Structure formats: C-alpha cells, structure tokens
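Both ligands and their constituent atoms are indexed starting at 1 by order of listing. We number each residue from 1, following the sequence as shown. What you are looking at is a predicted structure, and each value in this text was computed from that prediction instead of being measured.
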Amino acid sequence: MTTTPAHRADLLAQARAVLDANWRDGFTVPSARQYPYQWSWDSAFIAMGYARYDQARAEQELRSLFAAQWADGRVPHIVFHQATETTPYFPGPDFWQVEHSPYAPVALRTSGIVQPPIHATAVWHLYQHAADRERATAFVAEIFPRLEAWHDYLYRERDPQNDGLVYICHPWESGQDNSPLWDSVLARITPRPDQIPPYRRSDTRSVDPAERPLDFDYDRYIFLVDFFRRRAYDDRRIYTDGAPFLVQDVLFNTLLCRAEQDMAELARRIGRDPTPFLTRGQATAAAINARLWSEEQGLYVDCDLTTGAQIAVPALAGFMPLYAGIPDPARSRRMVRRLEGPGFGVIPDGPGFPAPSFDRTAEGYSPRRYWRGPVWIQMNWLLMHGLHACGYPRHAARLRRAIVELPARSGFREYFDPETGAGYGASAFSWTAALLIDVLYNELTDE
Ligand code: GLC
C-alpha cells in the first residue's frame with residue numbers, strides 16, 4: 001500500500017478526529033466505550049501526538065494526569081475524573097478504595113497501581129517538537145518536580161534490594177495485561193473462591209470475549225487488587241507480606257531507564273544538574289544487561305522476583321531495551337536476527353503485519369487474544385525508534401509502514417491481527433491515532 005500526500009492528509013484528519021472525539025475538556029479517554037477515564041501511559045503517548053499540532057493540549061493532557069499524583073509520588077494507572085460517560089467501568093473507584101491510603105489524593109479518585117513510566121519521555125518529545133520553545137521550557141519547569149517525585153517513588157518503593165531494577169506487582173502495571181509472560185506466575189496463585197471478591201467484568205460487554213483475557217486471569221487480577229487494598233496500597237507491607245506477583249519487567253525498566261536519560265535532557269533545559277538522572281539510568285541499564293538478558297532466547301526476559309528465576313518466554317517486549325540503547329552491538333545484532341525470524345517477521349519489505357506482541361511460533365501465542373499475539377501500535381512505535389537508533393533503519397521503516405497501514409486498512413483499533421491485519425478490541429482508540437499522527441509528521445518533514 002502506498003500513501004499519497006492526499007491519503008496522508010486524509011489519515012491525519014481522521015486521526016485528529018478520533019482524538020477530538022475522545023477529548024474530555026482536559027484529558028483524553030483511550031476509548032469512549034471501553035476505557036472511559038484517563039489512563040497513565042496512554043496519556044503520555046497521546047500527548048506525543050498532540051505535541052505535533054497542539055502544544056497546549058499536549059501540556060494539559062499531562063497536567064491533568066499529574067494532578068492525580070499521590071503524595072508518595074506514584075502516578076496512578078487510572079484517574080477517575082468526574083464521569084461524563086454513561087458506560088459503567090469495572091473496576092471503578094468504589095472497588096479500588098484508595099481512600100484507605102494516607103497518600104491518595106482527596107480531590108480526585110484513582111486506582112492504586114501504576115503503569116510504565118514513559119512520562120518524562122513524553123515531556124522531552126513535547127519540548128523537542130514545541131512550536132513555542134519558551135512556553136515549553138516553562139512547562140518543563142512546572143512538571144519537572146512531579147516527574148522527579150514519580151521516579152523517586154519507583155526507585156524508593158519498588159527496588160527493595162537496591163539493585164537498579166524496579167518491580168511491578170500486578171500484570172496491569174506492565175501495560176501488557178494478559179501476556180504469556182505472566183502465565184507461570186499467575187498459575188502459582190491459587191486463591192480460594194472466598195478470597196476473590198464478587199465482581200462483574202465490564203470489558204467483555206462491548207468487545208468480543210475471544211479478544212480479551214480469560215476469566216482465570218481476571219480472577220487473579222481481582223484477587224491481587226484485593227490484596228493491595230487490604231494493605232492500604234502500602235508498598236512495604238505488600239512486599240513484606242509476600243505479594244504473590246513480583247516481577248522485574250523488561251519493558252517497565254527499559255522505559256524507566258530511557259525516562260531517566262530524558263530527565264537529564266530536561267534538567268539541562270531548566271538549569272538543573274543532569275548527573276543524578278544519568279547515574280540512575282546507567283545503573284538500571286547495567287542491571288537490565290546483567291539480570292534480564294537471556295542467552296538462550298537471544299532477547300531480554302523478565303525476572304520473577306519470588307523465585308529469582310528468569311521468565312524465559314519470547315515477548316516482543318524483550319526487544320525494547322533497544323529503545324534505551326541498552327544492548328551492545330553484538331547483542332543488538334542477535335536480537336535483530338531473532339526479530340527477522342518466523343516468530344516476529346520484522347524483515348525489511350517482508351510480508352504480513354509486524355510485529356506480533358508474542359512470538360508466533362511459541363506456546364501461548366494467539367493472533368487474536370489481546371496481549372498474546374496481536375500487534376499494538378505503541379509497541380511498534382517504541383521498537384521502531386529503538387531499531388532506528390541502533391543502526392537498523394530498514395527494519396524500523398518496516399514497523400513504520402505497519403503503523404500507517406494497519407489503521408488505514410482496519411480503522412483506529414486497539415490491536416491488530418499480525419496475520420490478516422484485521423482490527424480487534426476497542427474502536428476509535430486514542431494512542432493508535434496519536435502515534436499515527438506522530439509518524440505521519442515525521443514522514444512529512446523527511447520529504
Ligand atoms: C489495557 C492495556 C493497557 C492500556 C489500557 C487502556 O488495559 O493493556 O496497556 O493502558 O488498556 O488503554
């Protein structure tokens with residue numbers, strides 16, 4: 001499929017229309033029916049799209065997310081702004097009950113867990129593409145202390161062994177809810193029926209259940225939330241009481257490492273010392289290389305903190321350290337060979353629709369079910385930048401083509417079939433639109 005200038009202009013207009021429809025006077029919902037509130041890492045990606053054509057909106061998107069930051073620095077994964085939607089959402093604020101924590105905000109209702117820390121990266125993106133630099137510098141100065149408190153929270157509360165890697169305590173914290181990455185950990189969790197609070201899923205109401213997680217997984221998601229709320233979201237208690245899910249995740253730590261590098265850039269713009277951020281980022285990069293590389297897989301894998309063992313399964317997330325410049329050239333080459341293989345099919349000019357979120361030749365793969373195989377636009381976007389920066393522009397170009405082609409064929413869907421290109425999950429999905437905008441702006445400037 002070739003994109004003519006007219007076709008690009010049309011796609012841009014459609015993408016902006018998606019964001020306009022999802023804008024709620026201060027923040028953007030990922031999708032009006034399926035996710036009718038503000039999500040943390042969605043907002044960061046969405047702000048990167050706005051940064052290309054509406055600086056004020058990009059700033060406001062992040063400002064309204066950070067307005068819900070907890071007193072301990074955590075940025076909650078959902079902010080339940082005053083509901084404008086009629087669609088009920090589960091788990092909503094009444095289920096999370098974060099008011100039990102002394103750190104939760106009083107003015108806004110939120111969830112009690114977090115998502116990948118890509119916010120400083122979004123702010124740096126916003127600065128770089130700002131039409132009004134002076135205004136951007138003022139925004140950096142305004143939000144910098146909040147970003148700093150967010151990263152401090154992660155290193156303080158989520159790295160109990162002080163080894164440079166932070167843990168996540170729920171699959172939702174990874175952003176990759178039902179990835180096969182979590183299968184072995186979730187299988188170990190065997191709550192009695194009375195330990196799972198009664199609940200009713202809302203996610204399978206407007207999306208085909210075949211495209212969503214299984215009830216087995218959902219029971220465990222809810223059991224874990226209950227475990228946290230019983231401990232008032234106190235990370236130390238959660239850790240010392242033996243939380244059943246503690247994982248040092250590649251994607252989460254990579255994005256933190258990259259965000260620290262971007263904090264150093266931001267620090268320089270406002271006369272702050274970049275050194276502490278660079279030092280912390282380097283320590284995380286070194287830990288990722290030392291602890292999360294799998295020689296057998298030829299990519300990075302998560303570590304199950306409960307057993308100390310690597311979770312040796314081939315998820316696309318295992319290639320993300322390219323995005324923070326973490327692997328050396330030899331490891332990068334190995335990863336690219338693996339990416340080119342039948343499991344991921346990221347070959348310049350290759351067929352199909354890269355890149356599946358999970359190796360299509362591995363056990364646990366499904367082309368349709370959520371994080372077990374479908375293509376996600378934000379994962380393609382991260383990997384595209386990583387491959388480009390590490391010296392693989394033709395592989396990066398293949399991913400860029402998929403970022404444009406998939407929504408052009410199948411609409412602004414939440415995820416796509418890597419084999420047929422069919423769209424699945426929510427429709428009119430915000431980060432699919434926002435990142436398409438970002439990529440199209442790059443194409444326009446390149447020419
Ligand atoms: C799903 C995704 C997560 C995303 C959220 C809102 O839970 O797995 O990554 O942030 O939806 O779009």
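Scanning the protein heavy atoms around atom 1 (C) of ligand 1, the nearest turns out to be Tyr370 OH, 2.9 Å. When only non-hydrogen protein atoms are considered, atom 8 (O) of ligand 1 lies nearest to Asp177 OD1, 2.6 Å. Of the protein's heavy atoms, Asp42 OD1, 2.5 Å lies nearest to atom 10 (O) of ligand 1.
The ring-ring contact (aromatic ring centres under 6.0 Å, His included) test with Phe144 is passed by exactly one of Phe66, Trp124, Tyr127, Phe277: Phe277.
Under 4.0 angstrom from ligand 1, there are no non-hydrogen atoms of Trp172.
Listed by number with element, the atoms of ligand 1 under 4.0 Å from a non-hydrogen atom of Trp41 are 3 (C), 4 (C), 9 (O), 10 (O). Interface of Phe429 with ligand 1, defined as ligand atoms under 4.0 Å from a residue heavy atom, comprises 12 (O). Every atom of ligand 1 with a heavy atom of Gln115 under 4.0 Å away is listed here by number and element: 3 (C), 4 (C), 10 (O). Listed by number with element, the atoms of ligand 1 under 4.0 angstrom from any heavy atom of Pro30 are 12 (O). Each of the atoms 2 (C), 3 (C), 8 (O), 9 (O) of ligand 1 lies under 4.0 Å from some heavy atom of Gly175. The ligand atoms of ligand 1 that sit less than 4.0 angstrom from a heavy atom of Trp371 are 2 (C), 8 (O).
Salt bridge present: Arg280 and Asp152 bring a charged side-chain N and a carboxylate O closer than 4.0 Å. A salt bridge does not link Arg74 to Glu157: none of the charged side-chain nitrogens sits closer than 4.0 Å to a carboxylate oxygen.
In this structure, Phe227 has its ring center no closer than 6.0 Å to that of Phe245. Ring centroids of Phe358 and Tyr365 are separated by 6.0 Å or more, keeping the two rings apart.
Between Trp150 and His119, the ring planes are perpendicular. Angles over 60° get that label, and only those under 30° would be called parallel.
Taking the ring centre of Phe216 as origin, the terminal cationic atom of Arg220 falls inside the region bounded by 6.0 Å and 45° from the ring axis.
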